[in-house]
Structures are given as structure tokens and as C-alpha cells.
Amino acid sequence: QLELITPFQLYFNPELIFRRFQIWRLITNFLFFGPLGFSFFFNMIFLYRYCRMLEEGSFRGRTADFVFMFLFGGFLMTLFGLFASLFFLGQAFTIMLVYVWSRRNPYIRMNFFGLLNFQAPFLPWVLMGFSLLLGNSIIIDLLGIAVGHIYYFLEDVFPNQPGGKKLLLTPGFLKMVFDTPEEDPNYNPLPEDRPEHQPRGWDQNEQQHPQ
């Protein structure tokens with residue numbers, strides 16, 4: 001909005017990325033949601049709302065897994081972007097988050113602007129229809145839905161099938177960076193660190209310094 005940079009410096013362009021090494025475009029194309037307007041605020045609200053509900057819900061205490069979902073989704077969208085000539089993928093990323101949340105909360109009733117009542121799994125499709133009414137291309141929405149479904153299937157469906165197994169394994173370095181280490185149940189603290197050897201503070205001071 002301040003015109004310090006332009007969208008031409010941010011958009012996804014494989015030739016500029018791989019031939020001119022403008023690597024930042026792999027990230028910045030997810031960060032641009034168009035000029036200030038209804039579509040921009042619409043995307044911001046949904047991104048904040050469903051990202052937060054996922055983090056506080058099914059990913060609670062699993063920050064590394066949450067970050068890995070970001071990386072996995074971003075990687076797949078980038079691959080699709082190579083073949084579909086897409087310039088900005090931020091909206092697809094938002095739809096991916098909405099899709100994963102909706103499939104993990106299938107019984108929640110939704111209300112869309114007071115006009116439609118439906119179950120949560122239909123939310124991504126309602127958003128796609130709304131985007132179509134605004135005159136936007138639905139390819140971005142379909143990409144977000146497709147990537148969200150791939151993640152949901154590999155993470156939640158396939159491991160629970162007969163003969164299935166968990167294919168999406170969060171790398172150890174992400175767990176080391178983002179997750180708090182678990183306490184060793186066999187850890188034996190030093191005597192001075194044990195609760196029974198801690199000074200009782202207020203009571204002890206009261207005995208030493210009576211009023």
C-alpha cells in the first residue's frame with residue numbers, strides 16, 4: 001500500500017527463482033492477498049480464525065506438527081504452481097487450513113452471513129462459491145481444497161485404515177526447535193533441588209523475625 005515494493009517483486013515466477021536465484025519468491029507469494037479491500041480482509045479474518053482454532057485445537061501441544069503441516073502444504077502448492085502458472089498462493093493456503101479444520105470438526109454447524117446453515121465440512125465449498133460470486137478464479141480455491149484433502153487423508157484417514165500407516169512424520173529437528181522437551185521420568189534431581197529441601201520462605205522468615 002505504501003508502494004515501497006510492488007507485487008511484481010513478490011509473485012511466484014519459476015524462471016526468476018531458479019535462473020536468477022530470487023529465492024524469496026517461494027515465500028512472498030504466500031504473503032500477498034491483493035490491495036486493501038473486501039477480499040483482503042476476508043482472507044485475513046479466515047486465516048487468523050482457522051489458523052488459531054487449529055493451533056489451539058487438534059494441534060495443541062504439537063507445534064512442530066503444526067509447522068510441518070505449513071511446510072508440507074506450501075511445498076505441494078509450489079509444485080502445483082509450477083504447472084498451473086499461479087502467481088500468488090496465499091488464498092489457497094487459507095483454504096487449506098479451513099479444509100483441515102472443517103474435516104476435523106465435522107459436526108459443527110456453520111452460518112454464513114446469516115444466509116446459509118450447513119455442517120463444517122461444506123465450508124470450503126461455500127467459500128469457493130462465494131469467491132466465484134466475487135468474480136475470482138476458483139482454481140486457487142480448488143488447489144487449497146486439494147492440498148488440504150491430501151494432508152487430511154495422509155494424516156487422519158490412511159493411518160487408520162487396515163494395513164495403513166503414518167506417512168507424514170514430523171522431522172526431529174522441528175520437534176527439537178518447536179516442542180518443549182519431555183521430562184525424563186527416571187530423572188533424579190539433586191537433593192537441594194527437591195521440594196522437601198526448599199526453604200519455606202514466608203513461614204521461616206516469620207519465625208526468625210517475629211513482629
Side-chain angles (χ1 to χ4, degrees), residues 10 12 24-34 36 38-81 86 88-113 116 118-128 130-131 140-160 164-183:
L10 307 176
F12 183 75
W24 67 83
R25 293 179 183 272
L26 291 171
I27 298 175
T28 56
N29 79 91
F30 287 97
L31 305 180
F32 182 75
F33 290 88
L36 288 178
F38 181 79
S39 181
F40 173 84
F41 290 108
F42 188 80
N43 275 286
M44 288 294 100
I45 291 172
F46 273 78
L47 179 64
Y48 168 77
R49 175 178 172 81
Y50 290 97
C51 187
R52 177 178 178 177
M53 287 198 294
L54 278 174
E55 187 175 13
E56 295 179 349
S58 58
F59 286 100
R60 190 175 195 82
R62 300 167 51 217
T63 305
D65 295 336
F66 192 48
V67 173
F68 182 64
M69 181 187 71
F70 277 40
L71 297 176
F72 176 79
F75 175 74
L76 285 186
M77 291 178 194
T78 300
L79 285 182
F80 286 125
L86 301 176
F88 295 104
L89 300 172
Q91 184 175 335
F93 190 84
T94 300
I95 294 295
M96 180 195 75
L97 295 178
V98 172
Y99 185 91
V100 173
W101 176 87
S102 68
R103 293 305 297 265
R104 289 183 171 178
N105 299 271
Y107 302 111
I108 294 181
R109 296 285 297 174
M110 309 292 296
N111 182 280
F112 192 73
F113 290 129
L116 294 174
F118 51 88
Q119 299 288 108
F122 292 101
L123 179 59
W125 303 101
V126 171
L127 294 181
M128 186 181 70
F130 184 70
S131 180
I140 291 290
D141 298 77
L142 288 174
L143 175 59
I145 290 173
V147 173
H149 182 73
I150 291 172
Y151 177 83
Y152 171 74
F153 179 81
L154 295 178
E155 180 71 11
D156 295 6
V157 178
F158 184 69
N160 297 319
K165 63 178 181 179
K166 188 174 177 63
L167 298 178
L168 296 181
L169 301 176
T170 304
F173 76 92
L174 288 179
K175 291 182 176 292
M176 182 177 64
V177 172
F178 293 103
D179 289 349
T180 56
E182 297 181 0
E183 293 187 3

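Every heavy atom of this structure was used, including side-chain atoms; hydrogens, water molecules and symmetry mates were not.
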For a 4.5 angstrom cut-off between non-hydrogen side-chain atoms, does D65 reach K175? yes
Report the C-alpha separation of Q119 and M110 in whole Å, then their side-chain angles, then the decisive distance to 0.1 Å, and conclude whether the side-chain contact (heavy atoms from CB on, under 4.5 Å) test is met. CA-CA 6 Å; Q119 299 288 108; M110 309 292 296; over 6 Å; no
L154 vs F72 side-chain heavy atoms within contact, under 4.5 Å: yes
With side-chain contact (heavy atoms from CB on, under 4.5 Å) as the criterion, how do Y50 and L123 come out once you've worked through the C-alpha distance, each side chain's angles and the decisive distance to 0.1 Å? CA-CA 12 Å; Y50 290 97; L123 179 59; 3.1 Å; yes
Over 12 non-hydrogen atoms of neighbours within 6.0 angstrom of CH2 in W24: yes
Residues V147 and G73: closest non-hydrogen pair is CG1-CA, 3.7 Å
As a quick check of understanding, evaluate side-chain contact (heavy atoms from CB on, under 4.5 Å) for W101 and S58, giving each step before the final call. CA-CA 8 Å; W101 176 87; S58 58; over 6 Å; no
At what distance, to the nearest 0.5 angstrom, does CD1 of I150 lie from CD1 of I145? 12.0 Å
With a 6.0 Å cut-off on ring centres, are F88 and F33 close enough? no
Under 30°, 30 to 60°, or over 60°: which ring-plane class applies to F42 and F130, parallel, tilted or perpendicular? tilted
What's the verdict on side-chain contact (heavy atoms from CB on, under 4.5 Å) for L10 and L31, showing C-alpha distance, side-chain angles and the deciding distance? CA-CA 8 Å; L10 307 176; L31 305 180; over 6 Å; no
Sub-4.5 Å side-chain heavy-atom contact between L89 and F80: no
Does CZ belonging to R60 count more than 12 external heavy atoms closer than 6.0 Å? no
Would you call the rings of Y99 and H149 parallel, tilted or perpendicular, where under 30° means parallel and over 60° means perpendicular? perpendicular
For the residue pair F12 and R25, establish whether any side-chain heavy-atom pair is separated by less than 4.5 Å. no
Would you say CZ of F66 has more than 12 non-hydrogen atoms from neighbouring residues, nucleotides or ligands within 6.0 angstrom? yes
Flag side-chain contact, heavy atom, 4.5 Å: M96 against M77: yes
Heavy-atom count check: over 12 atoms from other residues, nucleotides or ligands less than 6.0 Å from F118 CZ? yes
Within-4.5 Å side-chain heavy-atom neighbours: R104 and D156: yes
Heavy-atom neighbours of Y107 OH exceed 12 at 6.0 Å: no
For A120 and N105, the nearest pair of non-hydrogen atoms, with its separation, is CB-O, 3.1 Å
Of all heavy-atom pairs linking P106 and P121, the shortest is O-CD, 3.4 Å
State, to 0.1 Å, how close C51 and L97 come at their nearest heavy-atom pair, and which atoms those are. CB-CD1, 4.0 Å
Mind checking whether F153 and F158 have parallel, tilted or perpendicular rings, split at 30° and 60°? tilted
Taking atom NZ of K165 as the centre, does the number of heavy atoms from other residues, nucleotides or ligands within less than 6.0 Å exceed 12? no
Side-chain heavy-atom pair S131, Q91 within 4.5 angstrom cut-off: yes
Let me confirm one number: the CZ-CZ distance from F178 to F173, rounded to the nearest 0.5 Å. 8.5 Å
Pairwise side-chain contact, L71 with L174, heavy-atom cut-off 4.5 Å (strictly under): yes
CG of N43 to CZ of F38: how many Å apart, nearest 0.5 Å? 10.0 Å
Quick check for you: to the nearest 0.5 Å, what is the distance between T63 atom OG1 and E55 atom CD? 6.0 Å
As a quick check of understanding, evaluate ring-ring contact (aromatic ring centres under 6.0 Å, His included) for F93 and F70, giving each step before the final call. CA-CA 8 Å; F93 190 84; F70 277 40; 4.9 Å; yes
